[in-house]
Q: 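The structure's right below; bear with me while I get my questions together.
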Amino acid sequence: LALEDSENGLAASLGAGTRPPMDLLPDQVAALLVERDRLAGQRSAAEARVLELAEPHLDTDAEAADQQAAAKAARAGKPIPATSRVAKLAADRDAAARNLAAQVAAHATVTNDVENARSDAYWQAESTYAATRAEARARLETAAGELADQVEAAVAALAAVEWLRGQPY
């Protein structure tokens, strides 16, 4: 059972610390990311439960409890009960394994859905993105030119004062 997250490529950038804030994302993508985050938590809890139930001492404890119940019944002259604790542990382990498999599958499915929605949103926004980028670049170039003019004027004014003080212009 491989419990490590083997994400790579685009899926690796879907974590909360590696993506833009939700309010900057298209609604469909944000909703899928919320679902993916929820499933990641459920998957993590399922992995922890499988590991918890795999502890060897649980087998020993269940067997000892069943043996104690059998001994108690034998002393009381009653029928020996079935191994209920051992059977319950096996059922719990089976349920935990099935839950983990379902969580892993759901997480993989929603990750695929996020990647598809993200790709669709990108291609829908790509043409407006190019125009927005060009407009932003033009505004920055204008602002940079204005700033350069102001810096040159300030340097010239200070240079004139420095010249009056006897410094070279």
Side-chain angles (χ1 to χ4, degrees), residues 1-137 139-140 143:
L1 176 64
L3 299 179
E4 293 186 26
D5 195 354
S6 62
E7 293 182 338
N8 56 39
L10 293 175
S13 68
L14 298 180
T18 60
R19 64 183 185 225
M22 293 290 208
D23 60 336
L24 296 179
L25 299 174
D27 291 343
Q28 181 188 12
V29 174
L32 287 168
L33 285 169
V34 168
E35 180 182 2
R36 185 178 184 277
D37 291 347
R38 178 182 54 79
L39 287 170
Q42 290 174 199
R43 175 183 170 174
S44 179
E47 290 171 347
R49 182 67 176 150
V50 166
L51 291 174
E52 175 185 315
L53 289 172
E55 291 289 330
H57 73 85
L58 294 177
D59 293 304
T60 305
D61 294 348
E63 290 168 4
D66 282 344
Q67 288 173 358
Q68 286 176 353
K72 186 176 178 182
R75 286 188 71 184
K78 296 182 180 179
I80 306 300
T83 56
S84 62
R85 299 277 175 94
V86 170
K88 181 174 180 340
L89 180 59
D92 288 349
R93 285 176 172 162
D94 181 57
R98 285 184 290 112
N99 181 42
L100 176 56
Q103 296 299 332
V104 167
H107 188 262
T109 299
V110 77
T111 296
N112 188 51
D113 291 348
V114 170
E115 289 179 355
N116 288 336
R118 183 165 77 167
S119 177
D120 291 346
Y122 169 77
W123 288 110
Q124 290 171 2
E126 200 272 331
S127 62
T128 58
Y129 172 73
T132 302
R133 183 178 51 208
E135 290 170 11
R137 184 169 292 165
R139 284 193 309 273
L140 285 173

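Every value quoted in this text rests on a predicted model; they were computed, and no experiment measured them.
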Q: Look up atom CG in Leu53 and atom CG in Asp94, then write down how far apart they are to the nearest 0.5 Å.
A: 11.0 Å
Q: Can you tell me if Ser119 uses its side chain to pair, donor with acceptor, with the backbone of Asn116 under 3.5 Å?
A: no
Q: Considering non-hydrogen atoms only, spot the tightest contact between Leu39 and Ala106 and give its length.
A: CD1-O, 3.7 Å
Q: Tell me, do Asp120 and Gln28 make a side-chain contact under 4.5 Å, heavy atoms counted?
A: no
Q: Report yes if the side chains of Glu47 and Val50 come closer than 4.5 Å at any heavy-atom pair, otherwise no.
A: no
Q: Locate the shortest heavy-atom distance separating Arg19 from Ser13; write the atom from each residue and the value.
A: CB-O, 3.8 Å
Q: Within the structure provided, determine whether Val110 and Arg38 are in side-chain contact (heavy-atom separation under 4.5 Å).
A: no
Q: Give the minimum heavy-atom separation between Ala121 and Pro26, together with the two atoms involved.
A: CB-CG, 3.7 Å
Q: Less than 4.5 Å apart, side chain to side chain, heavy atoms only: is that true for Met22 and Asp37?
A: yes
Q: Considering all heavy atoms of both residues, which atom of Ala73 and which atom of Pro81 are nearest to each other, and what is their separation?
A: CB-CD, 3.7 Å
Q: Under 4.5 Å between any side-chain heavy atoms of Arg118 and Tyr122, yes or no?
A: no
Q: How long is the gap from OG1 on Thr60 to CD on Gln67, to the nearest 0.5 Å?
A: 10.0 Å
Q: Do any N or O atoms from the side chain of Arg43 and from the backbone of Val104 form a donor-acceptor pair under 3.5 angstrom?
A: no
Q: Spell out, as yes or no, whether a donor-acceptor pair under 3.5 Å connects the side chain of Ser44 to the backbone of Ala40.
A: no
Q: Report yes if some heavy atom in the side chain of Arg49 is under 4.5 Å from a heavy atom in the side chain of Leu100; otherwise report no.
A: no
Q: Strictly below 4.0 Å, N to O, side chains only: are Lys88 and Asp66 in salt-bridge contact?
A: no
Q: What are the two closest non-hydrogen atoms of Ala117 and Leu32, and how far apart are they?
A: CB-CD1, 3.6 Å
Q: Can you confirm whether more than 12 heavy atoms, excluding those of Asp27, are under 6.0 Å from its CG atom?
A: no
Q: For Gly15 and Arg36, which heavy atoms make the closest approach, and how far apart are they?
A: N-NH1, 4.4 Å
Q: Once rounded to the nearest 0.5 Å, what's the spacing between atom CZ of Arg93 and atom CD of Glu52?
A: 11.0 Å
